[in-house]
Amino acid sequence: MSLNLEIKTKLKLNYQDFEEKITEFHDRINNKNSPDINYLGWNQFPDIAINFSEIEKMKNIVENLHKNSINILVVIGIGGSYLGAKAAIDFILGLGPFKKRPEVIFLGNSLSSTDLHQKIDYLKTKNFAINVISKSGSTIEPALTFQILYQFLVNQIGEKQAKTRVFVTTSIKSGELLEIAKANSFEIFEVIESIGGRFSVLSSVSFFPLIFVNINVHEIIQGAKDAHTKYSTSSISENYAYKYALFRFLLYKKFNYKMEILIAYEPFMLYFNEWWKQLFGESEGKNLKGIFPTSAIFTTDLHSLGQFIQEGSKNFFQTVIYIEKPKFDLEIKKVVQFDSKINTLSGKTVSKINYQAFLATTLAHSKEGNNPNLLLQIKDSSAKSFGHLVMFFEKACAMSAYLLGVNPFDQPGVESYKKELKKNLGWNN
Ligand code: PA5
């Protein structure tokens, strides 16, 4: 599995002076005695992060659900409790539409009554199960959605049956959801205490929905394991995760770039970008510091944001992920009835044209547009590559936040929104 990193900028990004700092933070991420060890479960991979027996249990449950024609899973969760699963499903399977495939519907990621109503309306005539995912077990969006959807399910099939269709992924230490699950004998999957929401995609948090759509999670785990080994050195020149972290830090600190645009050339990476935004945004954006993470899908957004990226104000750099081998390809054929330039492309594939667009855009944006470009090329969009990319970014993110001088693993800003909302609703604790 290969991931390549190339830096295209005229700026001098000297990283040699940072060897010592990187070694210090590398130890902090990897050392068993790290002061942050209680947040580093995702990096103790797979020993702490993966519960293999739970995966087997999930597989049996899914097999049974499918046998009983339950082919829709409603995943209720927000932030780190759903973005990873959504990113993985789209990345590995593509966007469809599919003729026949188990379906996952994501709910509880907003407070939109319209969205909830429309999805419940769709479920009226369907057989479905629920996977409610919340580490704390008290986040308002999923809690409210679960309450409404569970009542709906009980009305649809009766309480006894409904209980067998609910799967709760939560902390097994404490929380309202845990208590509800115990009191109602719902199946419980464990959210590991030392793994925060945005670092949880390579764990039970996303595995149940992935298994439900027949994704082989062992391949994801293998990809992540390979990356874990590959990025286990503190040497900046060998460890691309640290190199990426350091270059973005230097662009921010020395050259005042305050924004990063993550760009992909595949629409099925839209939610990968969303996942990445949460990972970096929540990990770095604190103490009035951090690079604002934003994203785009090319070539789609070249027809909307392209103008700004080429010629607008220069407060951002670009990180481009390019997937070398597409899942599917099509050859362009000559249409004799058309007197068109497209005919000159006959014999070429659509993916080759996408690649040309990537080369042309990178050149235009980096050379004429003067935007620093960090290029990440990955072999394909397989489950293994997904695991690799996630591990790459998680390690880079931890390093990047330490370089900035912020705690990568807390999110006091998110907590204060949650607190204020609860106050408005009249809940005092
Ligand atoms: O990264 C985080 O910790 C947050 O974004 C959470 O994932 C999000 O707020 C959902 O929290 P919970 O899983 O406790 O419902």
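These numbers come from the heavy atoms of this one structure, side chains and all, not from hydrogens, waters or symmetry mates. One-based numbering, in listed order, for ligands and for the atoms of each. No experiment lies behind these values; they were computed from the predicted model shown.
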Chemist: Hey, does Glu141 sit under 4.0 Å from ligand 1 if you only count heavy atoms?
Modeler: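 So Glu141 does not count as touching ligand 1.
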
Chemist: Looking at non-hydrogen atoms alone, which of Ser81, Gly175, Gly197 comes nearest to atom 13 (O) of ligand 1?
Modeler: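 The residue whose heavy atom sits nearest atom 13 (O) of ligand 1 is Ser81.
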
Chemist: Tell me which protein heavy atom sits closest to atom 2 (C) of ligand 1, plus the residue, atom name and distance to 0.1 Å.
Modeler: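 For this ligand atom, the closest protein heavy atom is Glu282 OE1, 3.3 Å.
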
Chemist: For atom 5 (O) of ligand 1, grab the closest protein heavy atom and report residue, atom and distance to one decimal in Å.
Modeler: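 Result: Gln278 NE2, 2.7 Å.
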
Chemist: Can you pull out the closest protein heavy atom to atom 12 (P) of ligand 1? Residue, atom name and distance to 0.1 Å, please.
Modeler: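 Of every protein heavy atom, Thr139 OG1, 3.3 Å lies nearest to atom 12 (P) of ligand 1.
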
Chemist: Of the protein's non-hydrogen atoms, which lies at the shortest distance from atom 10 (C) of ligand 1, and what is that distance?
Modeler: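 Atom 10 (C) of ligand 1 sits closest to the protein heavy atom Ile78 O, 3.3 Å.
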
Chemist: Taking the side chain as every heavy atom from C-beta outward, state whether Ile323 and Phe268 have any atom pair closer than 4.5 Å.
Modeler: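 Side-chain contact under 4.5 Å: yes.
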
Chemist: Considering only non-hydrogen protein atoms, determine which one is nearest to atom 14 (O) of ligand 1 and report residue, atom name and distance to 0.1 Å.
Modeler: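 Protein heavy atom at minimum distance: Ser136 OG, 2.7 Å.
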
Chemist: Between CD of Glu141 and OG of Ser110, what distance do you get to the nearest 0.5 Å?
Modeler: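 Spacing of CD (Glu141) from OG (Ser110) equals 8.0 Å.
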
Chemist: Atoms of ligand 1 less than 4.0 Å from Gln411 heavy atoms?
Modeler: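 By the 4.0 Å cutoff, the relevant atoms are 3 (O).
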
Chemist: So do the side chains of Met399 and Ile29 get within less than 4.5 Å of each other, counting heavy atoms only?
Modeler: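 They are in side-chain contact.
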
Chemist: For atom 7 (O) of ligand 1, which candidate among Ser283, Gly80, Gly77 holds the nearest heavy atom?
Modeler: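 Selected option, by shortest heavy-atom distance: Gly80.
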
Chemist: For ligand 1, which atoms, with element, lie under 4.0 Å from some heavy atom of Lys418?
Modeler: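 Going through ligand 1 atom by atom, the ones under 4.0 Å from Lys418 are 9 (O), 11 (O).
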
Chemist: Any donor-acceptor pair under 3.5 Å linking the side chain of Ser234 with the backbone of Thr23?
Modeler: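 No, the answer is negative, given that no donor and acceptor are paired below the 3.5 Å cut-off.
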
Chemist: Could you check Arg198, Lys289, Arg248 and say which one makes a salt bridge (charged side-chain N to carboxylate O under 4.0 Å, His left out) with Glu284?
Modeler: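 Exactly one pass, corresponding to Arg248.
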
Chemist: Please report the shortest heavy-atom distance between Phe106 and Tyr82, naming the atom on each side.
Modeler: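 For Phe106 versus Tyr82, the nearest heavy atoms are CD2-CD1, 3.7 Å.
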
Chemist: Carefully, step by step, assess Asn127 and Ser69 under the rule side-chain hydrogen bond (donor to acceptor under 3.5 Å, both in side chains).
Modeler: CA-CA 7 Å; Asn127 269 333; Ser69 303; 5.5 Å; no

